[in-house]
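Shown next, in structure tokens, is the structure this report addresses.
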Amino acid sequence: MRTYDHHLTHAASACYSSGLNTAACAILDGYGEGMAYQSYLFQDNTLAPISNSLPKYSAQSASLGNFYMQICKLCGFGLFHGEEWKVMGLASYGKLDQKVYELLSPLICVEGLDLVQPDIATSIAIYQELANYRHQPGQSYLNVADLAFTAQQVFSERVYEYLSALHAVTKLDSVVLGGGCLLNSATNGKITEHTPFKHAHVFCAPGDDGNSVGAALLAYYQDHPNDNTTRALQSPYLGSSVSTKHRQTLQQFCPTAQTVEHTTVAKLAANFLAQGKIIGWMQGRAEFGPRALGNRSILADPRSESVKDRINAEIKFREAFRPFAPSILSDYGQDYFEDYQDSPYMERTLRFKPSVITKIPGVVHVDGTGRLQTVKREWNPLYYDLIAEFYRLTGIPLVLNTSFNVMGKPIIHSIEDALAVFYTSGLDVLIIENIVIEKNKP
């Protein structure tokens, strides 16, 4: 049996999937094997740790992941339920609170390539004072939007400070990033703006789920030491697919199911979207990682002003402040986003250009941003064709995309999961491979 260091597996999954030959690498997470961060130099398919000095005034290294978890708790969200993303969504409704900023800032600091925190007594005293700002039962979450905004600001500043220190050591143009903290798309979208790095890559599963891929890649290169091939960007579609047996069962128990030609599925789906219908979309192999990237997705027309409220209230059953992502054809990214960067795994948030906001209100968050997914034909041909057909019909080269699940449940895995969400929510159409089910169709 082989074993690998926790942060090394994070680095392997990130670097070996990047398509880069040389890059700096930063791993920032909650905790793993005594550390919550580590930096590496990636060159010629080799990962070399960059040594960290010992913290100067703390008995323990600080953790950006733990910092964000505490903010999640203060905002009234679950610590271990994947609700950190709610903080990001809520933050856009707030503004900087200077007093909260002054309280939060000392809790985590950057010293070279170290993250440090004050002594335990000081930290406890700060969190006790922060408790005065916490969400109260029965209170609107918007009451803590300023707390969320300010915490997001401090978190992002520390990430940029750490990466700037890493650049000072490596002098490289590209950085590869991993660890659960890099699921913070709002921070990711501004890395090239607020650090000297010109290019940033984040793996489709930067959290601990991606460590299995990292371990497998480390074992491969251990067994093939002469393989120095630079890999292209890796596909996230590594999960299970729909079996023929299950498709037959679907047709048997859904008498209104219609089987269409595979070549017409994208066109049919685009027509449904253009008519304002919301689709449950299950195609090919499932995505690896926390984002639905066009194979296990709920899709809708981004031109609708009411579609966000409808999906949150009738389909996802989640808070009204949660935004939805745009999946955009890569050729049109620069037309819709300021300082456009490819985002193949929906891993970064960018600002929409003011001129397009009124065209696509369904995917524009309250602060004028969107956590985008770049779509290229070579990455996902069917999904690309669907969006291209929607563009032909409407003049809009993007669709609203959110994960095919309801709040608190995993993304659908089986046909039974898909049917359960379809028949117990406000979805209008379910498309599984080339089988189409319309709700209330005779």
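Scope of the values below: all heavy atoms of this structure, side chains included, with no hydrogens, waters or symmetry mates.
The pair K86-E319 counts as a salt bridge, with a side-chain nitrogen and a carboxylate oxygen less than 4.0 angstrom apart. At a threshold of 4.0 Å, the pair K439-D428 does not count as salt-bridged, since none of the basic side-chain nitrogens sits closer than that to a carboxylate oxygen. In summary, D301 and R303 engage in a salt bridge, as defined by a charged side-chain N under 4.0 Å from a carboxylate O. Look at D342 and K376 and you find a salt bridge, because one of the NZ, NE, NH1 or NH2 atoms lies within 4.0 Å of a carboxylate O, short of that distance. Look at D385 and R377 and you find a salt bridge, because one of the NZ, NE, NH1 or NH2 atoms lies within 4.0 Å of a carboxylate O, short of that distance. Using a cutoff of 4.0 Å between basic side-chain nitrogens and carboxylate oxygens, E438 and K277 are scored as salt-bridged.
A distance of 13.0 Å separates CZ of R285 from CG of N380, quoted to the nearest 0.5 Å. Put simply, OG on S297 and CD1 on I431 are 12.0 Å apart, with the number rounded to the nearest 0.5 Å. In this structure, CG in L427 is found 5.0 Å from CD1 in I298, a value given to the nearest 0.5 Å.
The ring pair (Phe, Tyr, Trp, His ring centres under 6.0 Å) analysis of residues 295-332, with sequence neighbours excluded, yields the pairs Y332-Y391. Legend: ring pair (Phe, Tyr, Trp, His ring centres under 6.0 Å) pairs involving residues 407-437, not counting sequence neighbours: none detected. The ring pair (Phe, Tyr, Trp, His ring centres under 6.0 Å) pairs that include a residue from residues 180-212 are Y160-H194, H167-F197, where partners are two or more places apart or lie in different chains.
Contact between S63 and G30 at its shortest, heavy atoms only, is OG-O, 2.5 Å.
For E193, the CD atom counts as densely surrounded, since its 6.0 Å shell holds more than 12 non-hydrogen atoms of other residues, nucleotides or ligands.
Under the side chain to side chain contact (heavy atoms under 4.5 Å, CB included) criterion, E314 pairs with R310, sequence neighbours left out. Applying the ring pair (Phe, Tyr, Trp, His ring centres under 6.0 Å) criterion to F337, with sequence neighbours excluded, gives F352.
The side chain to side chain contact (heavy atoms under 4.5 Å, CB included) test with R291 is passed by exactly one of Q373, R371, E347: R371.
Under the 30°/60° scheme for interplanar angles, the aromatic rings of H10 and H7 are found to be tilted.
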Mind listing the side-chain donor-acceptor pairs of residues 64-77 below 3.5 Å, one per line with the distance, residues two or more places apart or on another chain?
from : atom 1 : to   : atom 2 : distance (Å)
Y68  : OH     : Q152 : OE1    : 2.7

Check: So Y220 and Y16, ring-ring contact (aromatic ring centres under 6.0 Å, His included) or not? Walk me through it.
Finding: CA-CA 11 Å; Y220 173 82; Y16 292 132; 8.9 Å; no
